[in-house]
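Naming convention: chains lettered A, B, ... in sequence-line order (proteins, then strands); numbering from 1 in each chain. A quick note: this is a predicted structure, and the numbers were derived from the prediction, not measured.
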There are 4 protein chains.
Amino acid sequence: MWIPIQIDDQSAEPLYYQIETQLKSLIVSGQIEEGTLLPSIRELAASLSCSVITIRRVYQDLENEGLLRTKQGTGTFVAKVGTGERDEYRRTVVQTAVETAVDTGISVQYGEEELKQLFLKILKQKYDKKSGRDRE
Amino acid sequence: MWIPIQIDDQSAEPLYYQIETQLKSLIVSGQIEEGTLLPSIRELAASLSCSVITIRRVYQDLENEGLLRTKQGTGTFVAKVGTGERDEYRRTVVQTAVETAVDTGISVQYGEEELKQLFLKILKQKYDKKSGRDRE
Amino acid sequence: MWIPIQIDDQSAEPLYYQIETQLKSLIVSGQIEEGTLLPSIRELAASLSCSVITIRRVYQDLENEGLLRTKQGTGTFVAKVGTGERDEYRRTVVQTAVETAVDTGISVQYGEEELKQLFLKILKQKYDKKSGRDRE
Amino acid sequence: MWIPIQIDDQSAEPLYYQIETQLKSLIVSGQIEEGTLLPSIRELAASLSCSVITIRRVYQDLENEGLLRTKQGTGTFVAKVGTGERDEYRRTVVQTAVETAVDTGISVQYGEEELKQLFLKILKQKYDKKSGRDRE
DNA sequence: GTGGTCTAGACCACC
DNA sequence: GTGGTCTAGACCACG
């Protein structure tokens, strides 16, 4: 099974973190359905050209968070979690990011209206670009 | 001179980074005027209960970014930077944070309208709270 | 990997600065190719008999200048920088040194011809010595 | 007596060093004649807006080098030194600067001819500019 | 193994 | 008093 994960070599973010974040997003947003069997640690490591240790950590972390489940000798699956729980997670992640953005604005003395306009501009840009990509 | 910096011991963010970020905000937002003599590294270290080396690093980093200027035997000053440059910096920082927030929303399949409403809600909350504090 | 760096204990120049300057020269002149994995900070510190912190500072400074890229857990690499940028850097460094020399001459009232002859003499000396060394 | 010394606040060079270097140049190049009575420490400090400590250090250093002589209760004079000695000093200072420039060129793999052309270009520029200023 | 952070403490140079 | 350099050594995070 093919998993769409992009690694940015230039980024300062740790490898495991890049992979973990993206995989998490795919799961909680429903782009990978529950019950799905994920690629083996070795496979995924190979396809991302990174160490198995790194992937093992990712799977481990997500299992600890209850998003994955490992069956000995079979592989790693996306766990069945309540829809409410998944939505909760999804909401939390976005909310945190938005709060950070607003806090940043406040910290450098951005006005409420000024910040709102900036947000709306960027929102439009990004979603226009996205729908462009989606149509392809 | 007193500088309002809050340290969060629980945070995963490195100490030096917390201080650096806050000091940077104070400068680029104009809350500390250019030319101001900052507290000595020993003073600030004492008042934040951390090592002088940590403060030294903060001052040095900000000097490398052109926000501070240090003179041996005299002290550390807020650099005189073109207003344009400072505004530019201020804008970049906020824009990056907003972009990250929107990207996060997209990554977990948030709809444009849904994300907009969430943002507006948080924006209102935070600015209401802020104006409450400001009136005190 | 072995890196040819000479330390002069007698010099008034700070240790970190001597190392930094020489490493920078090696990189911008192309004597160390881009992408090369440099020795670990501990290794280099040992081979130069100095503290790891001194080397760490060197690597960090050069990373801030965009000449190196470090990845935690992996090591420190020579960054892939545009050739133009590297040439630009190389030119700037030499130009500054030459300007300083000429300014010094002017400040003590050297005549143009007098300074030129002195330069040509020293140029010849140094390059003759160099080509002698190169042949070895 | 007025002494033409420029202080660069932006420079990383220590204050005392900027002053010392310029004063030294004025003396060894003969722009201030031997026997001249220099301004008092307080006067010079006032006219350069710096600490008397800094000027005291400058006078002290130059006295140690034999370029100045202090008479109790009278003031500080430019010492009478042999012309040979003065020329020797003048030559040394320029030679060192030129050697540094050539060394820098060599360290980043500049070719002999390339470096020569760069030098001649800068030499011409600077002396043309100088003679422009002199004619004013 | 790698780099990243933080500490305490020393000594020097500058003003 | 100020900042600048350097040290030894600890502990953590990453691969």
Original post:
Hey, is the main chain of C/S40 close enough, under 3.5 Å, to the side chain of C/E43 for a donor-acceptor pair?
Top reply: yes
Original post:
So, B/E20 side chain and B/D61 main chain: donor-acceptor pair closer than 3.5 Å or not?
Top reply: no
Subject >> Side chain of D/Y16 - closest among E/dC14, F/dA8, F/dG4 >> reply: E/dC14
**OP:** Rounded to the nearest angstrom, tell me the gap between atom CG in B/D9 and atom P in E/dT5.
**Re:** 17 Å
Subject >> Position toward the 5' end of DNA chain F (nearest nucleotide), A/L15 or C/P14 >> reply: C/P14
**OP:** Return the value, rounded to whole Å, for the distance between atom NZ of C/K71 and atom P of E/dG1.
**Re:** 21 Å
**OP:** In plain terms, say whether D/D9 and B/K71 are close enough for a salt bridge, that is, a side-chain N and a carboxylate O under 4.0 Å apart.
**Re:** yes
Subject >> Identified pairing partner of E/dC14, criterion: Watson-Crick or G-U wobble below 3.5 Å >> reply: F/dG1
Original post:
If each of C/Q72 and D/S51 is mapped to the nucleotide of DNA chain E with the nearest heavy atom, which maps nearer the 5' terminus, i.e. the 5' end?
Top reply: C/Q72
Original post:
Quick check: does any side chain N or O of D/R69 sit under 3.5 Å from a backbone N or O of D/T76, one acting as donor and the other as acceptor?
Top reply: no
**OP:** Starting at atom CD of A/E20, determine the distance to atom C1' of F/dG15, rounded to an integer number of angstrom.
**Re:** 14 Å
Original post:
C/R56 has a side chain; which of E/dA8, E/dG3, E/dT5 sits nearest to it?
Top reply: E/dT5
Original post:
Within the modelled atom types, does a donor on one side and an acceptor on the other bring the side chain of C/R42 and the base of E/dG1 under 3.5 Å apart?
Top reply: no
Original post:
When we call it a touch if two heavy atoms are under 4.0 Å apart, what does B/C50 touch: a base, just sugar-phosphate, or nothing?
Top reply: sugar-phosphate
**OP:** Rounded off to whole Å, could you give me the CZ-to-P distance for the B/R57 and F/dG4 pair?
**Re:** 15 Å
**OP:** Rounded to the nearest angstrom, tell me the gap between atom CD1 in C/I53 and atom P in F/dT5.
**Re:** 14 Å
**OP:** Would you tell me if any nitrogen or oxygen in the side chain of B/T74 comes within less than 4.0 Å of OP1 or OP2 on F/dT2?
**Re:** no
Subject >> Listed nucleotide nearest any side-chain atom of C/T54, set F/dC6, F/dG4, F/dG15 >> reply: F/dC6
Original post:
Does C/T70 put a side-chain nitrogen or oxygen below 4.0 Å from OP1 or OP2 of E/dT2?
Top reply: no
**OP:** Could you tell me the separation between the CD atom of D/E13 and the P atom of E/dC15, rounded to a whole number of Å?
**Re:** 11 Å
Subject >> Length of the CG-P vector between B/L68 and F/dG3, whole Å >> reply: 11 Å
Original post:
Tell me: CG of C/N64 to P of E/dG4, nearest whole Å?
Top reply: 11 Å
**OP:** Is it possible for you to check whether C/R57 lies under 6.0 Å from the centre of the six-membered ring of C/Y16, through NZ or CZ, and within 45° of that ring's axis?
**Re:** yes
